[in-house]
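Predicted model only: the values in this text are computed from it and were never measured. Values reported hereafter were calculated over all heavy atoms of this structure, with side chains retained and with hydrogens, waters and symmetry mates removed. Order of the sequence lines fixes the chain letters, A, B, ..., with proteins taken first and strands second; residue numbering starts at 1 for each chain.
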Number of protein chains: 2
Amino acid sequence: MQKKYLNIYNDLVKKIQSNLWSIGELLPSENELASQYETSRETIRKALDLLSQNGYIQKIQGKGSMIIDRNKFSFPVSGIESFTELAGKLELNSRTIVHSIKYLDPNNKSMEFLKTDPHDRVWNVNRIREIDGEKVILDKDYFNDQYLPLLTEEICQGSIYNYIENELGLVIGFAQKEIVVENPTDEDRELLDLEGFSNVVVIRSQVYLDDANLFQFTESRHRPDKFRFVDFARRVKN
Amino acid sequence: MQKKYLNIYNDLVKKIQSNLWSIGELLPSENELASQYETSRETIRKALDLLSQNGYIQKIQGKGSMIIDRNKFSFPVSGIESFTELAGKLELNSRTIVHSIKYLDPNNKSMEFLKTDPHDRVWNVNRIREIDGEKVILDKDYFNDQYLPLLTEEICQGSIYNYIENELGLVIGFAQKEIVVENPTDEDRELLDLEGFSNVVVIRSQVYLDDANLFQFTESRHRPDKFRFVDFARRVKN
DNA sequence: GAGTGGTCTAGACCACTCA
DNA sequence: GAGTGGTCTAGACCACTCT
């Protein structure tokens with residue numbers, strides 16, 4: 001950690017989370033923060049932009065930076081987040097069952113678009129998420145093995161993202177996500193405790209690395225009563 | 001339009017949309033853009049940050065700014081978007097039926113949190129969205145009448161957002177949104193063509209103005225087969 | 001009018017990629 | 001090593017809010 005604006009951002013997040021300022025209060029002005037942190041105003045502004053993007057403050061011209069209530073819908077899951085991050089945050093009584101880890105049948109052309117090279121193979125990992133003893137989420141992940149050469153049950157048991165980012169040093173750049181409601185497949189009925197629910201919520205994502213290469217395709221199939229998506233959106237300035 | 005970086009952003013969006021560069025190609029370097037647009041590099045960087053946030057480019061250190069495929073899931077609906085914006089974009093054969101416009105019963109305390117002042121009243125607008133002749137979405141909106149004193153059937157028939165932003169000059173700051181799946185209410189069954197679907201997808205949002213005041217609460221209730229949410233997420237830099 | 005955030009500049013140095 | 005984006009600075013002027 002040597003980036004000043006990130007240090008300042010993290011420091012301010014800590015202070016906000018410790019309720020140093022209450023909701024509706026104004027942060028010290030940018031000039032004041034600049035002298036407090038012994039830096040330039042532009043650097044402070046970068047830190048404040050991060051706070052704003054992440055829903056901690058709303059900047060109001062002529063007034064200041066106001067602390068806003070980030071938890072109106074109890075927790076924010078904006079952006080890219082994995083099941084284990086989520087489970088940890090919610091302190092769910094949860095368990096992951098690794099159902100299968102295999103290379104995709106080379107005759108199966110459905111995941112061709114994941115390959116950067118014709119010789120690449122595609123991992124297919126199916127995991128079942130159990131919450132409070134009920135099997136409610138089926139995660140089907142597909143990875144290009146060029147980026148993920150080794151994939152063990154142990155890695156899949158934990159957070160694959162953790163492994164990718166901390167062990168392999170790959171950095172996630174961006175993701176495109178789609179949420180729709182569908183009829184359960186035979187596989188859903190077999191692997192999940194659907195209990196008469198006639199729909200599943202399907203989240204499909206494509207995850208790209210820092211260098212804009214497509215890295216992963218995921219299908220996360222949820223029993224509808226165990227699905228919840230929370231989003232924080234900021235209107236693009238005009 | 002006098003903000004340089006916004007002009008440059010809009011100009012670059014236009015160029016990207018006209019396929020001046022194809023996917024995977026690099027934009028001219030920041031220094032080159034700076035001399036092309038006769039401005040400083042920081043101003044170019046602001047324009048590029050906007051492109052990046054909106055999913056047009058991925059910046060790669062040491063290489064350049066790469067054009068990415070913004071339309072993998074056909075269209076991005078990140079952020080705050082209204083039904084009429086969406087319908088226009090998709091060219092849906094759609095119709096809006098204004099079912100009711102009324103002040104909320106003062107004895108109904110459920111929307112108390114919308115009021116900034118005890119004397120404020122709360123508008124309640126119910127609209128039904130018909131697509132291809134089927135009633136598939138029920139939008140229930142609640143507004144504080146301090147910001148929206150007048151609400152006619154004509155306004156509700158079009159885009160309320162349009163009216164708010166262009167006629168009243170209010171600016172939306174941010175929104176918090178929740179998506180869950182629920183059982184249909186009697187009202188859903190009465191007003192929508194549910195056709196045996198046993199679930200509805202409910203999107204609840206709280207919309208805040210530029211000055212961080214809570215302005216609107218919305219419940220948008222969708223028949224599950226007519227629901228789709230698309231999101232573009234960027235990993236927060238670390 | 002004093003103080004706030006918003007925009008813009010010109011320059012510096014660093015970290016990274018690629019030939 | 002040349003060229004790219006990433007960070008940081010110090011200063012200027014503008015637009016806005018509040019009293």
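S220(B) and I137(B) make their closest contact through OG-CG2, 3.7 Å (heavy atoms, listed as atom of the first residue, atom of the second, distance).
Taking the six-membered ring where the residue is Trp, the centroids of F215(B) and Y208(B) are separated by 6.0 Å or more. In this structure, W123(B) has its ring center closer than 6.0 angstrom to the ring center of Y103(B).
Straight-line distance from the CD1 atom of I57(B) to the C1' atom of dG5(D): 11 Å, rounded to whole Å. Between the P atom of dG5(D) and the CD atom of Q58(B) lies a distance of 13 Å, rounded to the nearest Å.
The side chain of T43(B) has dC8(C) as its nearest neighbour among dT9(D), dG5(D), dC8(C). Nearest nucleotide to the side chain of S65(B), out of dG5(D), dG6(C), dA10(D): dG5(D). Side-chain proximity of T39(A) to the nucleotides dG5(C), dT9(D), dC8(C) is greatest for dT9(D). Among the nucleotides dC8(D), dC8(C), dG6(D), the one closest to the side chain of Q61(B) is dG6(D).
Dashed line: the shortest gap from a side-chain N or O of K63(B) to OP1 or OP2 of dT17(C) is not under 4.0 Å. In this structure, K3(A) reaches the dT7(D) phosphate: one of its side-chain N or O atoms is under 4.0 Å from OP1 or OP2. Considering only side-chain N and O atoms, R41(A) lies nowhere under 4.0 angstrom from the phosphate OP1 or OP2 of dG11(D). In this structure, Y5(B) does not reach the dC8(C) phosphate: none of its side-chain N or O atoms is under 4.0 Å from OP1 or OP2. Phosphate contact (OP1/OP2 of dG6(D), side-chain N/O of K59(B), threshold under 4.0 Å): present.
Nucleic acid contact for L26(A): none, since no nucleic acid atom lies under 4.0 Å from a heavy atom of the residue.
Separation of atoms CD (Q58(B)) and CE (M66(B)) is listed at 8.5 Å; rounding is to 0.5 Å.
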